[in-house]
Amino acid sequence: MIDLKDFEFDELTEYLKSIGEPKFRAAQIFSWLYRGAKSYGEMTDISKKTREKLEKETYVSTLKIREKYVSKLDGTVKYLFELPDGNCIESVVMRYRHGLTICISSQVGCRMGCRFCASTIGGLYRNLTAGEILNQVIFAQKDIGERISNIVIMGIGEPLDNYDNIIKFLHNVNNEKGLNIGLRHITLSTCGVVPGIYDLAKENLPITLTISLHAPSDEIRDTIMPINHKYKISELIEACKNYFKATGRRISFEYSLIHGVNDSAEHAAELARLIKGMGAHVNLIPVNKVEEREYEKGSKKEINAFRDKLISLGVNATVRRELGSDISASCGQLRKRVL
Ligand code: SAH
């Protein structure tokens with residue numbers, strides 16, 4: 001059985017043609033799917049005969065809200081979604097002045113093994129399909145009843161380890177007949193899958209690429225991010241420069257500050273030297289405590305000192321504001337609890 005949301009618009013049009021349906025049917029169905037219809041039965045302007053034809057080979061996929069938490073402090077909403085096979089993923093909707101932003105998952109689990117991250121603890125279960133990635137946006141938006149205008153692919157999983165489905169998702173979420181979310185309003189975060197960064201540069205998609213760097217040297221990065229054994233920092237930076245050259249889109253970097261590991265003034269200076277001339281923005285994230293991990297964040301003063309050191313060296317850096325602190329659980333922790 002085919003999930004209709006795994007089709008791009010043109011593929012849907014082709015498919016409908018192959019079962020004898022007129023061209024306009026695609027836009028009709030696309031619009032129902034992206035508004036969160038849960039079955040063909042809801043598509044009231046489509047004849048029973050057509051619906052029956054569709055039901056022979058295809059279905060409308062859904063996501064069940066298994067748990068939902070709303071922050072009393074800032075309105076952040078955290079979802080634990082259950083997939084049809086019983087697996088769970090997390091998505092978070094944050095309220096910013098410029099609109100609602102959703103943080104979505106790209107895989108069930110993750111095989112990248114970053115030492116500080118909760119999502120990777122049980123390894124990779126499976127990739128999400130394009131439809132499952134999309135459903136997080138569709139059903140969160142439907143549940144909240146307000147338009148989601150921005151997406152960050154920073155939930156569970158490594159998006160460039162599920163490349164084809166992520167690309168299909170990007171095309172679909174951007175399609176004006178569906179959710180119509182601008183590519184410039186979408187950020188993809190990667191731990192540094194270098195070949196994927198080269199491939200992405202060729203896709204002609206003006207999204208924002210952000211790199212989870214977290215260390216200024218191979219010596220440190222090797223100890224916290226296993227991907228660094230495969231692709232060294234110099235190769236990663238080379239790929240970023242190529243991305244900028246090919247797309248004209250500036251890269252940004254995420255840097256989790258881990259006390260005593262990567263947060264000294266010398267580390268800040270090393271980081272500034274590494275990314276000099278790239279015009280890149282650095283997002284500093286005080287590391288979130290994960291039960292199974294020994295890493296701790298520094299004090300507010302130390303965190304601000306790191307930021308100020310970067311700024312004094314000409315690097316554009318900010319400390320990420322913590323949202324939804326009362327509903328706890330940075331990504332991966334809810335899912336881990338129900339496993
Ligand atoms: N796999 C992708 C996207 C998911 S993780 C990536 O690695 O970029 C989203 C961001 O949260 C990454 O920068 C990741 O390194 C970071 N992160 C994971 N666990 C964290 C923790 N405990 N504290 C702070 N940041 C964390």
Side-chain angles (χ1 to χ4, degrees), residues 78 89-92 94 101-125 127-128 133 136 151-163 165-166 169 186-194 196-197 200 207-215 220-221 223-228 230-231 233 236 239-240 243 251-263 271 280-298 303 306 317-325 328-336:
K78 177 142 195 158
I89 49 170
E90 291 173 46
S91 323
V92 182
M94 295 154 287
T101 296
I102 187 166
C103 174
I104 56 170
S105 298
S106 55
Q107 297 179 311
V108 182
C110 183
R111 63 186 178 124
M112 296 297 137
C114 298
R115 298 280 308 141
F116 45 82
C117 180
S119 302
T120 198
I121 286 171
L124 176 68
Y125 281 61
N127 280 330
L128 292 179
I133 301 170
Q136 299 168 67
I151 300 175
V152 295
I153 310 172
M154 292 189 186
I156 296 168
E158 167 49 50
L160 297 185
D161 191 35
N162 186 12
Y163 189 87
N165 291 334
I166 282 288
F169 157 76
I186 301 177
T187 298
L188 184 150
S189 177
T190 177
C191 66
V193 181
V194 165
I197 297 172
L200 195 61
I207 57 169
T208 299
L209 179 63
T210 178
I211 308 289
S212 300
L213 188 60
H214 304 325
I220 299 174
R221 205 166 190 264
T223 66
I224 54 177
M225 298 180 73
I227 186 86
N228 205 64
K230 201 153 180 198
Y231 309 109
I233 290 184
L236 178 56
C240 291
Y243 187 87
I251 304 269
S252 63
F253 292 101
E254 287 153 284
Y255 194 101
S256 289
L257 286 165
I258 310 173
H259 193 49
V261 173
N262 64 1
D263 67 342
L271 174 62
H281 181 265
V282 176
N283 256 311
L284 299 169
I285 317 162
V287 75
N288 276 305
K289 180 109 186 84
V290 175
E291 236 170 77
E292 292 82 347
R293 308 301 205 207
E294 67 273 32
Y295 299 118
E296 302 274 355
K297 62 178 132 199
I303 290 162
F306 193 92
T318 48
V319 178
R320 181 171 297 166
R321 193 157 60 100
E322 202 187 345
L323 289 173
S325 56
S328 86
S330 47
C331 230
Q333 306 204 26
L334 267 185
R335 170 176 164 267
K336 197 161 51 71

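As the structure lists them, so they are numbered: ligands from 1, and atoms in each ligand from 1.
- By the side-chain contact (heavy atoms from CB on, under 4.5 Å) test, Leu323 pairs with Asp74, Thr76, Met94, Tyr96, Arg321, sequence neighbours left out.
- Distances from atom 12 (C) of ligand 1 to the heavy atoms of Ser106, Ala118, Ser212 put Ser212 nearest.
- Ligand-side atoms of ligand 1 in range of Gly155: 4 (C), range being under 4.0 angstrom from any heavy atom.
- Donor-acceptor pairing under 3.5 Å is lacking for the side chains of Ser189 and Thr210.
- Against a heavy-atom cut-off of under 4.0 Å, Thr190 is close to the following atoms of ligand 1: 6 (C), 7 (O), 8 (O).
- Within ligand 1, the atoms closer than 4.0 Å to a non-hydrogen atom of Cys191 are 6 (C), 7 (O), 8 (O), numbered from 1 in the order shown.
- Side chain of Thr120 to backbone of Gly113: a donor-acceptor contact under 3.5 angstrom is found.
- Nearest-residue assignment for atom 18 (C) of ligand 1 (options Cys117, Cys110, Ser105, Cys114; heavy-atom criterion): Cys117.
- Without hydrogens or angle criteria, Asn165 side chain to Leu128 main chain gives a donor-acceptor distance under 3.5 Å.
- Applying the 4.0 Å criterion to heavy atoms of Glu254 picks out, from ligand 1, the atoms 10 (C), 12 (C), 13 (O).
- Residue Gly157 approaches ligand 1 through these ligand atoms, each under 4.0 Å from one of its heavy atoms: 1 (N), 2 (C), 3 (C), 4 (C).
- Ser106 meets the side-chain hydrogen bond (donor to acceptor under 3.5 Å, both in side chains) test with no other residue; sequence neighbours excluded.
- Contact annotation: for His214 versus ligand 1, heavy atoms closer than 4.0 Å belong to the side chain alone.
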